[in-house]
Amino acid sequence: MMLKDVNVLLSDVSDVSEMLPAVAAWKFAGRKQAFTILTWLFSISAPVKIITLILARNNIHNLEWFHFLAMWEGCMLFAFYSKVLFSRVVWWGVAAIILIDSLDTLLLEPITTFNSFAWSVNTLILLCLGLLTFYKLYTSSQLIAPEEDPMFIINSGWMIYFAGALFTYALGSKILFSTTLDFFAESWIIVSFSNTIKNAVVCYGLYRIGKQ
């Protein structure tokens with residue numbers, strides 16, 4: 001099996017695996033604290049990623065869906081992290097992500113191309129919020145073992161995704177439209193792998209909510 005075949009297979013697995021946290025969120029998270037935001041996040045992102053997979057398999061243009069996904073994921077995760085860090089949704093931050101992503105689509109990367117800039121900026125912002133969340137957990141007075149703390153587990157999953165995806169998103173357009181046959185042309189495998197791991201880890205974290 002060539003690297004290109006592995007890339008395609010792992011990309012398919014990555015998209016389908018989004019259903020794992022979507023189901024787990026509805027089953028275990030419910031309306032508990034900030035986790036309900038994740039329920040709505042995955043409820044939309046999971047079917048949309050399945051749609052992009054079906055379109056790709058039928059050689060139908062699907063990059064406009066990634067413009068929507070960048071904004072949806074960025075806004076919902078910013079709302080989630082601000083709820084965790086500040087006990088409220090910081091709406092001006094959500095509005096800033098909408099503005100940045102919209103300007104990127106209108107001025108820099110049209111809807112017919114992959115929106116590398118929007119994904120990169122969103123991921124960098126969320127990576128910083130994830131680090132702040134780890135700091136808050138470590139300085140919290142609550143004595144919960146990390147392997148049993150749903151927030152620690154869920155944040156770990158997202159941090160794996162952010163760290164693995166940032167390089168790929170920053171060079172997303174070059175990778176997707178590369179004509180070379182070296183590893184760089186197939187390095188989308190990085191985001192596929194990190195997203196699959198994220199979905200499994202977040203799913204387990206949501207399962208731990210049901211055990212508390």
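Please read all numbers here as calculations on a predicted model, not as lab measurements.
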Q: Decide side chain to side chain contact (heavy atoms under 4.5 Å, CB included) for S192 and V13; before the verdict, give the C-alpha distance in whole Å, the side-chain angles of both, and the deciding distance to 0.1 Å.
A: CA-CA 8 Å; S192 297; V13 172; over 6 Å; no
Are [X] and [Y] connected, step by step, through hydrophobic side chains (Ile, Leu, Val, Met, Phe, Trp, Tyr) whose heavy atoms are closer than 4.5 Å?
X: I111; Y: L63; answer: no
X: V16; Y: L41; answer: no
X: L85; Y: I37; answer: yes
X: Y135; Y: M159; answer: no
X: F86; Y: V89; answer: yes

**Q.** Of all pairs that satisfy side chain to side chain donor-acceptor pair (under 3.5 Å), the ones with a partner from residues 74-97, not counting sequence neighbours
**A.** Y81-N155
(Q) Tell me if a side-chain donor or acceptor on D149 pairs with a main-chain N or O of M151 at a distance below 3.5 Å. (A) yes
On a heavy-atom basis, which atom in [X] and which in [Y] lie closest, and how many Å separate them?
X: P150; Y: F35; result: CB-CZ, 4.4 Å
X: S17; Y: N199; result: OG-ND2, 2.8 Å
X: A34; Y: V84; result: CB-CG2, 4.0 Å
X: I97; Y: G74; result: CD1-O, 3.4 Å
X: C203; Y: A24; result: SG-CB, 3.7 Å

Partner set under ring pair (Phe, Tyr, Trp, His ring centres under 6.0 Å) for [X], not counting sequence neighbours:
X: F134; answer: F152
X: F162; answer: W158
X: F66; answer: F114
X: W65; answer: none

Find the distance between [atom1] ([X]) and [atom2] ([Y]) and round it off to the nearest 0.5 Å.
X: L20; Y: L206; atom1: CG; atom2: CG; value: 10.5 Å
X: S194; Y: L10; atom1: OG; atom2: CG; value: 9.0 Å
X: N62; Y: I51; atom1: CG; atom2: CD1; value: 10.5 Å
X: I100; Y: M71; atom1: CD1; atom2: CE; value: 10.5 Å
X: L126; Y: C128; atom1: CG; atom2: SG; value: 9.0 Å
X: E109; Y: N115; atom1: CD; atom2: CG; value: 6.0 Å

Q. Can you name the residues that form a side-chain contact (heavy atoms from CB on, under 4.5 Å) with Y204, not counting sequence neighbours?
A. I153, Y207, R208
Tell me every residue that passes side chain to side chain donor-acceptor pair (under 3.5 Å) with [X], counting only those two or more places apart in sequence or in another chain.
X: S102; value: none
X: S14; value: N195
X: T196; value: none

Q: For L38 and L77, run side chain to side chain contact (heavy atoms under 4.5 Å, CB included): C-alpha distance rounded to whole Å, both residues' side-chain angles, the deciding distance at 0.1 Å, then the answer.
A: CA-CA 8 Å; L38 295 182; L77 283 177; 4.1 Å; yes
Q: Give me the ring orientation class for Y161 and Y169: parallel if the planes are under 30° apart, tilted from 30 to 60°, perpendicular past 60°.
A: perpendicular
Q. So do V23 and F28 actually touch side chain to side chain, heavy atoms under 4.5 Å?
A. no
Q) Are any non-hydrogen side-chain atoms of L55 and H61 less than 4.5 angstrom apart? A) no
Q: Given side-chain hydrogen bond (donor to acceptor under 3.5 Å, both in side chains), test W26 with T39 step by step and report yes or no.
A: CA-CA 6 Å; W26 278 105; T39 303; 6.0 Å; no
Q.
Under a plain distance cut-off of 3.5 Å, with no hydrogens placed, do D101 and N122 share a side-chain donor-acceptor pair?
A. yes
Q. Per the side-chain contact (heavy atoms from CB on, under 4.5 Å) rule, which among V191, I197, I190 passes with F193?
A. I197
Using the salt bridge (Lys or Arg N to Asp or Glu O under 4.0 Å) rule, collect all pairs that involve [range], keeping only residues at least two apart or in two chains.
range: residues 53-73; answer: D12-R57
range: residues 112-123; answer: none
range: residues 190-202; answer: E18-K198

Q: Begin from the C-alpha positions of L103 and L108 and carry the test side chain to side chain contact (heavy atoms under 4.5 Å, CB included) through to its verdict.
A: CA-CA 7 Å; L103 290 176; L108 298 177; over 6 Å; no
